[in-house]
2 protein chains.
Amino acid sequence: MNKAQGAMSYDELRGAIAQRHRALSGRLQQIAEFVLDHPTDVALGTVAEVAQRSGVPPSAIVRFAHALGFGGFTEMQQVFRSRLVAGVAPSYKARLARMKSEEKSVLGRQPAAVLSRFVAEAQSSLVALSQSVHARELDAATAILAKARDIYLLGLGGSFPVATHLAYVLRKLGRRVVLLDGTGGSIHEQSHAATGEDALVAISFRNYYPDTARLFPELVARGVPTISITDSLLSPIVEGARVVFEIQDMPEPALRTLVAPMCLVQAMAIGLDLAAD
Amino acid sequence: MNKAQGAMSYDELRGAIAQRHRALSGRLQQIAEFVLDHPTDVALGTVAEVAQRSGVPPSAIVRFAHALGFGGFTEMQQVFRSRLVAGVAPSYKARLARMKSEEKSVLGRQPAAVLSRFVAEAQSSLVALSQSVHARELDAATAILAKARDIYLLGLGGSFPVATHLAYVLRKLGRRVVLLDGTGGSIHEQSHAATGEDALVAISFRNYYPDTARLFPELVARGVPTISITDSLLSPIVEGARVVFEIQDMPEPALRTLVAPMCLVQAMAIGLDLAAD
DNA sequence: GTGCGATTAGAATATTCATTCCATTTGTTA
DNA sequence: TAACAAATGGAATGAATATTCTAATCGCAC
C-alpha cells in the first residue's frame with residue numbers, strides 16, 4: 001500500500017497516476033486512463049456511473065482509489081472536484097495574469113508570447129477560412145472526389161504536411177490514395193497512371209514549389225479532374241483546376257501554421273465520407 | 001406552481017431566481033440569496049450541507065427547488081454543476097452539444113456544415129492549447145533544442161504531418177534536422193547516430209503508432225534529450241522525456257485536425273530562433 | 001382575541017450510494 | 001500439469017442521502 005495522500009492537488013494526482021500507471025494491474029490501468037481523460041466525469045459522477053462509462057465493475061473503481069492511497073472513491077473524488085472549483089473562480093485572474101505577462105514580455109520574444117501570437121493568428125485564419133469558402137465549392141470538390149477511382153495528392157515543400165494529413169484521413173476512410181512525394185526519384189513516375197477517372201488535389205503556397213508547378217499542368221492536360229488549394233488566383237495551380245480554394249493572407253513560409261488548409265482538407269475528406277452514404 | 005424547468009442554463013436560473021425573489025416566502029428568500037452567493041457549494045454539497053451553511057432545515061432546500069419548478073434538489077443541482085463544467089472547459093460542452101444536434105440533421109452532413117464544425121473545433125482546441133501550455137515548458141523545450149547538434153523528429157502515422165511541418169520550419173531556420181520517416185526500411189537505422197548531444201522531438205497521439213512506442217525508449221536510453229507532444233500522460237512517449245506537452249481532448253484519429261500540435265511546433269521553432277539571437 | 005390559510009421544522013421513509021466480502025478467474029511459478 | 005498468488009466481478013451490507021409527511025407555528029384578516 002502507498003503512503004497516505006492527505007491533501008493533494010489535481011496536478012499532483014495526475015502525476016502520481018502517470019507514475020504508477022505501469023505498476024498497476026490491467027483493470028486498474030484501464031481506469032487510470034479513463035480518469036485522466038474524463039476528470040469531470042469522475043468529479044461529478046457516482047461510482048456506478050464512472051464504472052459504467054469506463055466499462056468496469058464498481059468495485060474496481062474503489063480498488064483504484066485504494067491503490068492510489070485514498071480511503072475510498074469519495075476521498076479521491078474530492079481532488080477531482082477541487083479542479084472544477086479552481087476552474088471557475090481564478091480562471092479570470094489567471095487569464096489576466098497571463099495577459100499581463102505577455103504584454104510585458106519586452107520583445108514578445110519569450111516562447112510563451114510566441115505561442116500566443118501564433119494561436120491568435122491561427123484563430124483569425126480560421127475565421128477567414130470559414131468566410132471565404134463557399135458551400136458550392138465544397139460540394140463540387142466532394143463530388144469530384146466521390147467519383148474518383150484513385151485520389152492523387154500533390155503538395156510539396158511547405159505544403160507537404162497538408163498533403164500527408166489528407167492522405168492519412170482519406171486512407172482511414174477507405175479511399176485509394178497516391179501521395180506524390182517524390183520518394184526515390186521522380187514524381188512524374190508516381191503520377192504516371194493518373195487518368196480522367198481519377199482526381200487530383202493540389203496544394204501549394206508561395207513560394208510555389210517548382211516541382212508542383214511543373215507537374216500540375218501535365219496532369220491537368222491529361223484530363224485529371226483537379227481541386228486546388230492555394231493562396232492566390234495567380235498561383236501556378238489555378239489554371240485548369242475544376243475547383244479552387246483560395247486561402248488568403250498566408251504568412252511567409254517559415255511563419256505559417258497551415259491551420260486553415262489543414263482544416264479545409266479535413267472537412268473535404270469527412271464531407272466526402274458523409275455524403276457517400 | 002411554476003412551469004417545468006426542463007433544461008436550464010445557470011445564467012437562466014440566476015435570472016429566474018432574481019425575478020421571483022420578492023414573490024418567495026421568507027425562508028425561501030433566504031435560500032435564494034445563499035444559492036446565488038454560493039453556487040459552488042450548491043453544486044458540490046449535499047442537501048444537509050447546503051442547509052447547514054445557509055442556516056435552514058434540509059426540507060426547506062427541497063421546497064426551494066420545488067418552488068423553482070424542479071422535481072427536487074438533485075435536479076436543481078445539475079444546473080449548478082453545469083456551471084462548474086463550463087468553467088473548466090469553456091468550449092467542450094458547447095462542442096458536444098453542437099456535434100450531437102448537427103450530426104443527425106441533414107444540414108450537418110453537407111460539406112459546408114462539416115467545415116464550420118471543424119473550424120469550431122479547431123478554435124476550441126487552440127483555446128485549450130494556450131491554456132494548457134505553460135511558459136516553463138516552452139522555455140525548457142527551446143533550451144533543449146538550442147543546445148542540440150542535430151534535431152531528430154519522430155512522428156509517424158497520424159502525427160506525421162506535424163513532424164514534417166516542424167522539419168520544414170526548422171530547416172528553413174538553418175537547423176540540422178533528421179526526420180525519422182522510415183523511408184526505405186528501418187527507422188532504427190535512421191536514428192542510429194543520435195547521441196546526448198542531439199535532441200529528439202517525439203509526437204504521438206492515440207492510437208500510438210507502434211514504431212514510435214518502440215523507438216522512443218531506445219533513444220531515451222541512449223541519453224538523447226527529448227521533448228514529447230502527446231495527448232495523455234500515459235502515452236508511451238512520456239516516460240523519460242525532459243519536457244512533455246499534453247494536448248487534451250484530441251478527437252479520434254480520422255477527425256482530428258492537428259491544429260493544436262501544428263501551432264505548438266511552430267511556436268517552438270520560431271521561439272527557438274528568436275531566443276538564439 | 002379568534003380562526004384560517006400558508007409556512008415551517010423535524011422526524012420518518014424510501015432510495016441511492018460507497019464499500020466490503022467472497023467465490024471465481026486469471027496468470028505464474030514450480 | 002499442478003499449485004499458488006494475484007486480480008477480478010458481483011452480490012451483500014450498512015451508511016448516507018434526498019424526499020415526504022405531519023404536527024406545530026406563524027402571519028393576517030376579521
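The sequence lines fix the lettering, A, B, ..., with proteins before strands; numbering per chain opens at 1. The structure displayed is predicted, hence computed values, not measured ones.
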> Residues two or more places apart in sequence or in another chain: which of them pass ring-ring contact (aromatic ring centres under 6.0 Å, His included) with B/H21?
Replying inline: none
> Is the phosphate of C/dA9, meaning OP1 or OP2, less than 4.0 Å from a side-chain N or O of B/R27?
Replying inline: yes
> For the atom pair CG (A/L13) and CG (A/L68), what is the distance rounded to the nearest 0.5 Å?
Replying inline: 6.0 Å
> Hey, does the side chain of B/R63 come within less than 4.0 Å of C/dT8's phosphate (OP1/OP2), counting only N and O?
Replying inline: yes
> Does B/S25 make a side-chain N or O approach to OP1 or OP2 of C/dT8 shorter than 4.0 Å?
Replying inline: yes
>> Around atom CD of B/E218, are there more than 12 heavy atoms from other residues, nucleotides or ligands closer than 6.0 Å?
In response: yes
> Taking CG from A/L28 and C1' from C/dT26, how many angstroms apart are they, rounded to a whole number?
Replying inline: 15 Å
> Does OP1 or OP2 of C/dT20 have a side-chain N or O of A/H66 closer than 4.0 Å?
Replying inline: yes
>> Whole angstroms only, please: what is the CD-P distance between A/Q77 and D/dT17?
In response: 12 Å
> What is the distance from CD of A/E75 to C1' of C/dC17, rounded to the nearest Å?
Replying inline: 17 Å
>> Salt bridge or not between A/E33 and B/R206? Use side-chain N to carboxylate O under 4.0 Å.
In response: no
> Do any of residues 50-59 of chain B sit with a heavy atom less than 4.0 Å from DNA chain C, and if so which?
Replying inline: B/P57, B/S59
>> If the condition is ring-ring contact (aromatic ring centres under 6.0 Å, His included), which residues does B/Y10 pass it with, not counting sequence neighbours?
In response: B/F80
